[in-house]
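Accompanying notes for the structure given below.
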Amino acid sequence: PAAARRQVAALLGHGTASDPGSRAALALKVFGSTLVLQALRRYWLTLRHAGLRGLVVSAFSAALRVAIRLPGVRGVVDREVGKELASIERKMHGGGDPAARCRLPEDGMDTSSIVQLVKDMQAKELAASNKFDGKQWGGIYHSPRGPLVELQNAVWGMYNSTNTLYEGVFPSVRKFEAELVSWVLHLVNGDPKVAGGILSSGGTESVLLAALAYRELGRQRGIATPRIIAANTCHPAIVKACHYFGMELTKVPVTESTGFALTAAAVRPYLTGDVICVYASAPTFPHGVVDCVEDLARLVRGRGIGLHVDNCLGGILLSYLDRQGLTKPHQLWDFRVPGVTSISVDVHKYGNASKGVSVVVFADQELRRLTYVPVTDGCEGLYVTSTLQGSRGGAVIAQAWATMLHLGDTGYMEHAKAIHNLHERYQEVVARIPGLRVLCPCHACIVPIVSDIYNIYAIASLLEDCGWNLFTGQYPPVLSICIGELHGEILDAFEADLRAAVAVLDKDPGYKPTGAAAVYG
């Protein structure tokens, strides 16, 4: 009504709301107010997710960054950091390679010379640290020798010159890929009528693809910057995904009171309007703990928020452990739980395939479709691939298919039982050594070792000197061992070296960690 327009105009300090100038001024004020409200909302979300403590820590970190740039301070800091980095680099990479070929030779080498060169390099590696003895396992979960590896090598050689981009030319590779996805989907109790999956190059790409789907879902709902909530035990892959795709990530601390599992109670305060997904683990990489997925699903499914389960580390293994009732009690974590919307599963860990093969499965094919980026407006016509990659070699897919087909249900059941028995025995070793303990009830494959007496990073450093390739974590300080097939052969050596490390610290409590173990020390 005219009276209302005049009242609005009066409030805004203008003549009449029907004047063009008044309407423009009103529009500018509304636009400015909207910007202010959006900025306030961003600051409120930041405060809500970071908390007062997080803001204080952020401010302190910013002040510290300024302080170390002050004249005289920067040089001291750079020298100390440089010394530590140089020590770590020497420990990890050696003193350089005087025989490195930085440019291609003018004339190519013959086949026999190249093969001999490779054999010599491998022999040198084995002489320096035997990667086949289990101590230097390097993320290879199965034995690097034997009939399975011979099968993988044979199939790899048959499919070395293939390309998944050309399905019509290589239909058998497409078959391998489809069957691998189907096998994994059934393992995690997905409904093949509505669910779907994608075969990727590894766990990181699987997590990236899932995050991309949730970002697109968020944008469809008008969320400019969607947010994912995860525990601080989450794999760094989700951090990379949020960084790459322009998403926000809130990390929720987990504590010993919940067994270092992410709980619904911990997540609930962070459920703001921009949250599009909660990221859980089954199990976590630092501690081998299955998050409280059933509780998380009940929390989010009525809110339209997705729930991704990172089953990359425990992929295949945890499914077969659960079938046999071998793990410590934990909540269900796969598609048996209504509200779980996606799961990433590595085949190249406890699936025993060569690197790198992983699968990301979606409860709904519509969610999977959001990962696709079809290009139709270029000179090349329609171009679309199912992953972040374009061309992919078919050999790695073929050997993974052959691996799973070779082991079958029975083989994986036996393998899971063997890994579980080793997992229990390594925990018993830790329990026998005074001053050390297992951090928490761990459900699968990881043994997290802590101490209330000793510097755990010093113990890691001493074990590293004995040839062990273990990993450390923080919040709290922890030394973790990831159990593989070869660990059964070196259990006694582990106990002896662990006891020796403790004995060193009893004599020299001030021992300083060196090498990779000093990263968090």
Side-chain angles (χ1 to χ4, degrees), residues 48-49 51 187-191 195 207 210-211 213-214 217-218 226-235 237-238 242 248-315 317-319 321-323 325-345 360-364 367 439-446 448 475:
R48 177 87 177 269
H49 285 268
L187 273 177
V188 294
N189 295 289
D191 183 352
V207 170
Y214 292 114
L217 182 62
R227 183 183 297 272
I228 290 178
I229 296 177
N232 61 349
T233 52
C234 67
H235 191 276
I238 191 61
C242 290
E248 295 289 343
L249 176 65
T250 296
K251 285 189 176 183
V252 179
V254 294
T255 64
E256 194 162 5
S257 65
T258 63
F260 292 94
L262 182 64
T263 65
V267 169
R268 186 177 288 107
Y270 299 96
L271 292 181
T272 49
D274 59 344
V275 174
I276 197 64
C277 173
V278 172
Y279 175 102
S281 300
T284 58
F285 192 79
H287 310 138
V289 170
V290 176
D291 286 333
C292 301
V293 173
E294 291 182 77
D295 293 342
L296 291 168
R298 281 191 288 269
L299 175 68
V300 303
R301 68 172 177 257
R303 293 174 164 88
I305 296 173
L307 176 56
H308 178 79
V309 177
D310 182 353
N311 180 229
C312 290
L313 173 62
L317 173 68
L318 190 57
S319 295
L321 288 174
D322 285 350
R323 283 192 189 184
L326 293 176
T327 66
K328 295 178 177 68
H330 62 79
Q331 294 188 5
L332 298 179
W333 54 271
D334 59 13
F335 286 132
R336 289 172 293 178
V337 181
V340 171
T341 49
S342 59
I343 306 175
S344 48
V345 183
V360 55
V361 284
F362 299 91
D364 183 352
L367 188 58
L439 173 67
C440 58
C442 39
H443 300 116
C445 57
I446 300 292
Y475 312 133

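For the numbers below, each heavy atom of this structure counts, side chains included, while hydrogens, waters and symmetry mates do not.
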Worksheet item: With side chains defined as the heavy atoms from C-beta onward, is the minimum distance between Leu299 and Leu271 less than 4.5 Å?
Response: yes
Discussion item. How long is the straight-line distance from CD1 of Ile229 back to SG of Cys234, given to the nearest 0.5 Å?
Written reply: 12.0 Å
Fill in: Min side-chain heavy-atom separation Thr341-Phe362 under 4.5 Å
no
Worksheet item: Checking His235 side chain against Ala237 main chain: does a donor-acceptor pair fall under 3.5 Å?
Response: yes
Worksheet item: If every non-hydrogen atom of Arg301 is compared with every non-hydrogen atom of Pro338, which pair is closest and at what distance?
Response: NH1-O, 3.0 Å
Practice prompt. Provide the closest heavy-atom pair for Leu307 versus Ala280 in the form atom of the first, atom of the second, distance.
Written response: CD1-CB, 4.3 Å
Worksheet item: Do Asp310 and Tyr279 have side-chain heavy atoms sitting under 4.5 Å apart?
Response: yes
Practice prompt. Identify the heavy atoms of Cys442 and Pro448 that sit nearest to each other, and give their distance.
Written response: SG-CD, 3.7 Å
Practice prompt. Check whether any side-chain heavy atom of Val252 lies under 4.5 Å from a side-chain heavy atom of Leu262, and answer yes or no.
Written response: yes
Fill in: Spacing of CG belonging to Leu439 relative to CD1 belonging to Ile446, to within rounding of 0.5 Å
12.0 Å
Worksheet item: Can you name the nearest heavy-atom pair linking His287 to Cys440, along with the distance?
Response: CB-SG, 4.2 Å
Worksheet, complete the sentence: CG (Leu249) and CZ (Arg227) are apart, to the nearest 0.5 Å, by 8.5 Å
Worksheet item: Quick one: side-chain contact (heavy atoms from CB on, under 4.5 Å) partners of Arg336, sequence neighbours excluded?
Response: Asn189, Asp322, Leu332, Asp334
Fill in: Student check: side-chain heavy atoms of Leu313 and Pro283 closer than 4.5 Å
yes
Worksheet item: Would Thr327 and His443 count as having a side-chain donor-acceptor pair, cut-off 3.5 Å?
Response: no
Discussion item. Just so I know, are the side chains of Ser281 and Val290 near enough to count as touching, which here means a heavy-atom distance under 4.5 Å?
Written reply: no
Practice prompt. Examine distances only and state if a side-chain atom of Asn311 and a backbone atom of Ala282 form a donor-acceptor pair shorter than 3.5 Å.
Written response: yes
Item to complete: Verify the distance criterion only: is there a donor paired with an acceptor across the side chains of Thr233 and Tyr475 at less than 3.5 Å?
Response: no
Worksheet, complete the sentence: Distance col, row Gln331:CD vs Cys292:SG, nearest 0.5 angstrom, shows 4.5 Å
Response to the item:
Rounded to the nearest 0.5 Å, the CZ atom of Arg303 sits from the CD1 atom of Ile276 at a distance of 13.5 Å
Practice prompt. Take Leu187 and Arg323 through the side chain to side chain contact (heavy atoms under 4.5 Å, CB included) test and state the conclusion after the steps.
Written response: CA-CA 10 Å; Leu187 273 177; Arg323 283 192 189 184; 3.6 Å; yes
Worksheet item: Under 4.5 Å between any side-chain heavy atoms of Val293 and Val340, yes or no?
Response: yes
Worksheet entry | Pairwise distance CD1(Ile228) to OG1(Thr250) - rounded to 0.5 angstrom | 10.0 Å
Item to complete: Please name the pair of heavy atoms, one in Val254 and one in Ala231, separated by the smallest distance, quoted to 0.1 Å.
Response: CG1-CB, 3.8 Å
Worksheet item: Hey, does Thr263 have a side-chain heavy atom less than 4.5 Å from the side chain of Asp295?
Response: no
Item to complete: Kindly say whether Val289 contributes a backbone atom to a donor-acceptor pair with the side chain of Thr284 at under 3.5 angstrom?
Response: yes
Item to complete: Could you tell me whether a side-chain N or O of Glu294 sits under 3.5 Å from a main-chain N or O of Val337, the two making a donor and an acceptor?
Response: no
Response to the item:
Closest non-hydrogen contact found for Trp333 with His330 is CD1-CE1, 3.8 Å
